Amino acid sequence: MHAIHNVALPSAVRGTGPRLVLVHGAGATSESTYGPLVSGLAAGYGVVAPDYSRLPTDAAVDIDALADWHVEAALRAGCERFAMIGHSLGSMIATRAAVRHPDRVTALVLTSAFARAPASTRLKLRVWRDLLDGDRVLLARFLMSLMLSDRYLDAMTEEQLDGFAELIALTVSPGSAEQLELVLRLDVRADLAKVRVPTLVIATSDDRLVPAAMSDELIDHLSAAVSAALPCGHLPALECPQEWQRLIGDFLAAVVTDGAAR
């Protein structure tokens with residue numbers, strides 16, 4: 001495994017049952033990506049939620065290192081075999097982990113996923129990267145327009161929108177620039193044919209950052225994949241957490257038992 005020094009690996013498992021490892025997206029944290037799902041899934045599973053936003057920036061730019069780090073985090077927490085749930089960039093990290101550690105990873109759930117970012121996504125990511133060094137409230141408004149559906153945004157008053165933007169501006173994740181650069185150059189299409197575990201691919205149908213059509217490419221090239229969709233933007237934990245948890249729970253109940261795939 002790639003050694004990432006001076007970083008405390010998570011050692012706690014929340015809940016009991018088959019083991020799950022959650023992998024968050026670029027520019028995010030486990031909390032901002034999964035929110036209430038952590039405690040919800042812990043009602044029936046043993047959940048490990050590593051936070052790679054805490055890694056040194058020079059260590060968080062290699063997908064092999066990130067894949068290995070999540071597996072090591074699970075092993076340190078006493079999880080020998082586990083399913084992995086990935087969101088956005090986290091889906092690609094989880095996919096690489098399944099390829100590099102087939103004896104450990106038993107199933108995958110990939111949400112808002114892609115094998116290579118399309119041109120429209122890359123353009124938006126470059127704007128996001130360039131705004132990191134400027135007005136953080138402007139960055140936050142841009143991210144809200146990308147990450148959240150009109151349905152969700154239209155339910156807020158102007159004052160709530162402004163307050164939400166100010167909150168996001170205060171919580172920009174460390175390592176965002178390096179993680180965005182990773183997404184810009186990442187291409188894991190060759191990994192897809194090597195994945196042998198049951199996989200659920202969840203498209204977010206109102207996603208303006210990662211087009212839902214990117215999920216179709218995964219379905220076409222993964223040998224043991226099924227598909228589902230959520231009527232929301234890029235952040236289902238904010239817009240439809242219960243529906244997201246239900247899709248994950250139903251899939252895992254069908255393919256995972258005691259930490260191993262059925």
Side-chain angles (χ1 to χ4, degrees), residues 22-38 49 51-55 57 60-61 66 85-93 110-114 116-186 202-215 230-241 243-244:
L22 308 186
V23 191
H24 66 75
T29 64
S30 287
E31 176 59 30
S32 65
T33 296
Y34 294 104
L37 263 72
V38 177
D51 198 334
Y52 63 84
S53 67
R54 296 168 47 238
L55 291 172
T57 55
V61 294
L66 287 171
I85 300 175
H87 176 262
S88 197
L89 170 60
S91 288
M92 301 303 96
I93 296 170
L110 311 177
T111 303
S112 304
F114 53 92
R116 182 177 184 270
S120 63
T121 299
R122 297 198 304 273
L123 288 169
K124 294 165 185 174
L125 292 175
R126 290 188 181 104
V127 175
W128 180 355
R129 178 197 60 194
D130 293 346
L131 287 173
L132 286 169
D133 293 328
D135 185 334
R136 286 295 177 89
V137 174
L138 177 62
L139 169 62
R141 289 173 179 157
F142 175 69
L143 292 178
M144 289 168 64
S145 75
L146 286 185
M147 303 286 187
L148 301 169
S149 69
D150 284 332
R151 185 185 307 106
Y152 188 82
L153 293 171
D154 284 340
M156 297 187 194
T157 65
E158 289 300 319
E159 291 77 12
Q160 288 172 329
L161 288 170
D162 289 342
F164 197 12
E166 291 174 4
L167 177 62
I168 293 172
L170 295 172
T171 58
V172 174
S173 175
S176 292
E178 291 77 18
Q179 293 159 24
L180 294 173
E181 290 291 345
L182 174 59
V183 178
L184 286 169
R185 66 176 185 269
L186 182 61
I202 304 175
T204 38
S205 58
D206 296 329
D207 198 329
R208 285 188 282 250
L209 179 60
V210 177
M214 293 297 96
S215 295
L230 290 169
C232 65
H234 193 67
L235 298 177
L238 277 181
E239 296 198 36
C240 49
E243 294 90 336
W244 195 18

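Nothing here was measured: the structure is a model prediction, and the numbers come from that model. Throughout, numbering of the chain's residues begins at 1 and tracks the sequence.
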List for me each residue that meets side chain to side chain donor-acceptor pair (under 3.5 Å) alongside Ser173, sequence neighbours excluded, and say none if there are none.
none
Contacts of Thr204 that satisfy side chain to side chain donor-acceptor pair (under 3.5 Å) - sequence neighbours left out:
Ser112, Asp207
Anything under 3.5 Å between a donor and an acceptor, one on a side chain of residues 117-128, the other on a protein residue two or more places apart or in another chain? List them.
residue	atom	partner	partner atom	Å
Thr121	OG1	Leu209	O	2.5
Arg122	NH1	Ala117	O	2.6
Lys124	NZ	Arg208	O	2.4

Tell me every residue that passes side chain to side chain donor-acceptor pair (under 3.5 Å) with Glu31, counting only those two or more places apart in sequence or in another chain.
none
Please report the interatomic distance CZ(Arg129) to CG(Leu180), rounded to the nearest 0.5 Å.
8.0 Å
Expected list for residues 136-148: side-chain donor-acceptor pairs under 3.5 angstrom, two or more places apart:
residue	atom	partner	partner atom	Å
Arg136	NE	Leu132	O	3.1
Arg136	NH2	Leu132	O	3.4
Ser145	OG	Phe142	O	2.6

Without swapping roles, check the side chain of His87 against the backbone of His234 for a donor-acceptor pair under 3.5 Å.
yes
Under a 4.5 Å cut-off applied to non-hydrogen side-chain atoms, are Ile93 and Tyr52 in contact?
yes
Once side chain to side chain contact (heavy atoms under 4.5 Å, CB included) is applied, do any residues pair with Glu243, and if so which ones, sequence neighbours excluded?
Leu230, Cys240
Run the ring-ring contact (aromatic ring centres under 6.0 Å, His included) test against Tyr34 and tell me which residues pass, sequence neighbours left out.
Trp244
Under 3.5 Å, is there a donor-acceptor pair between the side chain of Arg151 and the main chain of Pro231?
yes
Ser30 and Val38, any side-chain heavy atoms less than 4.5 Å apart:
no
Spatial distance of atom CG (Leu184) from atom CZ (Arg116) [nearest 0.5 Å]:
9.5 Å
What pair of heavy atoms forms the shortest contact from Gln179 to Ser53, and how long is it?
NE2-CA, 3.9 Å
Pairing residues for Ala28 by the side chain to side chain contact (heavy atoms under 4.5 Å, CB included) criterion, not counting sequence neighbours
His24, Ser32, Thr33
My understanding is that only residues two or more places apart in sequence, or in another chain, count here; which of them pass side chain to side chain donor-acceptor pair (under 3.5 Å) with Ser149?
Glu239
